[in-house]
Amino acid sequence: MNYILENDEKCGRSAIILLQIYRNLRDLEKYPCNFKQDLIEYAIVVADSERVRDGVMGIVARDLEIKSLREWLGSDQSEFVAVYGRRRIGKTFLVREVLSDRFAFYVTGQESGGRKEQLAVFNRALNISATDSSVFAQKDSWLETFWQLEDLIRNHTDTRKKVIFIDEMPWLDTPKSGFMSGLEYFWNSFASARKDVMLIACGSSSSWLIENLFENTGGLFNRITQQLKLPPFTLSECEQLFKHYDIRMTRYQIIQSYMIFGGIPHYMSRFRKEYSLAQNVDALCFANDAPMKNEYKRLLSTLFRNDAHYDKLLHTFAAHPGGRSRDDLTKATGLSGGQLTGALEKLEECDFIRRYHPFGKKKKDTLWQLMDPFVLFHHRFIRDGTGRDANYWTRNVQSSLLLPWSGFAFERVCLWHSSQIRDALGLGGVSIDVCAWRGDGAQVDLILDRSDMTVNLIEIKFSISPYRITGAYMEKLRTRLTLFVEQTGTRKALHTTLLTTFGLAANEYSGEIQSSLTLEDLFRH
């Protein structure tokens, strides 16, 4: 009972009602002696069941995000929270499941709707959210509509912090509609002056959120009090999600799934448990009615307003998986100056690409590299679907046709899990720069440049069995070490690390490898 009394925010509506009944009982002595204890136990059961229903206990992973939302809900000031991340990452699901029992107002923008449609959607949400007999007539301006939202909050009966969840906010902001003026007025003149409002702005269009909220130079300058970016799941979290849906796969298969779909929860939730991984890939990507055939187009149009520019950039990145310089990108796409800078920043913010400095190089030598597994997969197999039948993946999953893509895709998985690699090597307390190197006659795709005067040159190999080093391959590694020292001038100790799916087969050459990692190391928490 003490838990519920001290943590009202974490309990559902029914539990709160029971607590109110308990608190209002005057003379418990006149009731049967076991009445009080029965009521307490029943309140606890209801609280726990509603927490499961509301997703607090049922959400897979996202523990840190849930904790942050709860902390902000319990703060002593009004909060303006921006929740963002790429399409299908689970933003709406997280907010709804964690905070739905505290919603005072909830609206979702209408995709492709005009100003009148957006105002109508907002008005309907106002009337649904009203806790009394109030009826809100639809207004012709956003300023008047936000005045109505003020009235709704003023008249709300809950004395605790009230959550206002505006989902897909970018869709509400149609051209010249005045939406931003209304939002600015609502926050600056009303919500920020109170202590009981939690305004959550959410949307897949990260470019809109960045431009209009994070980088706002007008009335909402520096008004966002909290930011919550949802990253893709790690392999360990993907494993939890598959178990949650009772989808049985080996860790090798989970890595293969990650090589195609990345750590995007919604993509994995569409798997059918009676299908093999290959059958699921065919059903989602290659069947006649495959739902993900058009996912890339929807992804860009949802995230970015000028999606043609981003398509050019991503197409260039996909054709050069090792990375491209700024000059290379300008030549390939025609984008330059601030236009190119802004596009790269937004792609990086959405986890599509990463920037890094090649080992031993300066900031001006920065490279950008494609990181999103599904975008790489789309450009390799879906964009030009010529000759791809409905069973393409099942027929070719063991084919040598997939080997070049497999190598690049597995490298992306490893790059996404560089912190797990660091921990597997026992480097938790060492400062590390994750980079790569492109030299004359050799290259290293993953390097851990350590503050303890040591460099791990990580060789990544995707295979279906323990990897056996041949004499020719050993000679290649030795030559690479020599070229690396000659061309970088480094004085640090060099350690060769082999990262493979199933480990390193012992032979006369394996002893020259300082450390060996397997797929199991990538599943570290």
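Everything numeric here is computed off the predicted structure, so don't read it as measured data.
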Pick from Y258, F233, F523: which one makes a ring-ring contact (aromatic ring centres under 6.0 Å, His included) with H417?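 It is Y258; the other options fail the test.
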Verify whether the ring centers belonging to [X] and [Y] lie closer than 6.0 Å.
X	Y	result
F286	F381	no
F317	F352	no
F271	Y245	no
Y296	H379	yes
F462	Y252	yes

Count the heavy atoms of every other residue, nucleotide or ligand shown that sit under 6.0 Å from [atom1] of [X], and state whether that count exceeds 12.
X	atom1	value
D423	CG	yes
L403	CG	yes
K361	NZ	no

Evaluation steps, side chain to side chain donor-acceptor pair (under 3.5 Å), between K346 and S206: CA-CA 7 Å; K346 291 179 178 65; S206 296; over 6 Å; no
Pair D311 + R383: basic N to acidic O under 4.0 Å: yes
Is any NZ, NE, NH1 or NH2 atom of the basic residue among R438 and D445 found under 4.0 Å from an Asp or Glu carboxylate oxygen of the other?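 Counted as a salt bridge, because a side-chain N and a carboxylate O are separated by less than 4.0 Å.
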Applying salt bridge (charged side-chain N to carboxylate O under 4.0 Å, His left out) to R298 and E295, what does each step give before you reach the verdict? CA-CA 5 Å; R298 289 274 296 141; E295 175 64 12; 5.9 Å; no
Does the side chain of [Y] come within less than 4.5 Å of [X]'s, by heavy atoms?
X	Y	value
R62	V98	no
E345	R355	yes
E520	R251	yes
L522	C414	yes

Sort out for me which residue in I460, L446, D521 forms a side chain to side chain contact (heavy atoms under 4.5 Å, CB included) with I421. L446
Per the salt bridge (charged side-chain N to carboxylate O under 4.0 Å, His left out) rule, which among K229, R86, R87 passes with D351? K229
Could you check whether the rings of W405 and F377 sit parallel, tilted or perpendicular, using 30° and 60° as the cut-offs? perpendicular
Out of curiosity, M268 CE to H244 NE2, how far, rounded to the nearest 0.5 Å?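 Spacing of CE (M268) from NE2 (H244) equals 12.0 Å.
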Output side-chain donor-acceptor pairs under 3.5 Å for residues 336-343, partner residues at least two apart or in another chain, one line each.
| residue | atom | partner | partner atom | Å |
| --- | --- | --- | --- | --- |
| T341 | OG1 | R326 | NH1 | 3.2 |
| T341 | OG1 | R326 | NH2 | 2.8 |
| T341 | OG1 | G337 | O | 3.1 |

Might you work through the ring-ring contact (aromatic ring centres under 6.0 Å, His included) test for Y473 and Y509, ending with a clear yes or no? CA-CA 10 Å; Y473 182 65; Y509 303 111; 9.9 Å; no
Short side-chain to backbone donor-acceptor contact, Q369 and P321, under 3.5 Å: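 Yes.
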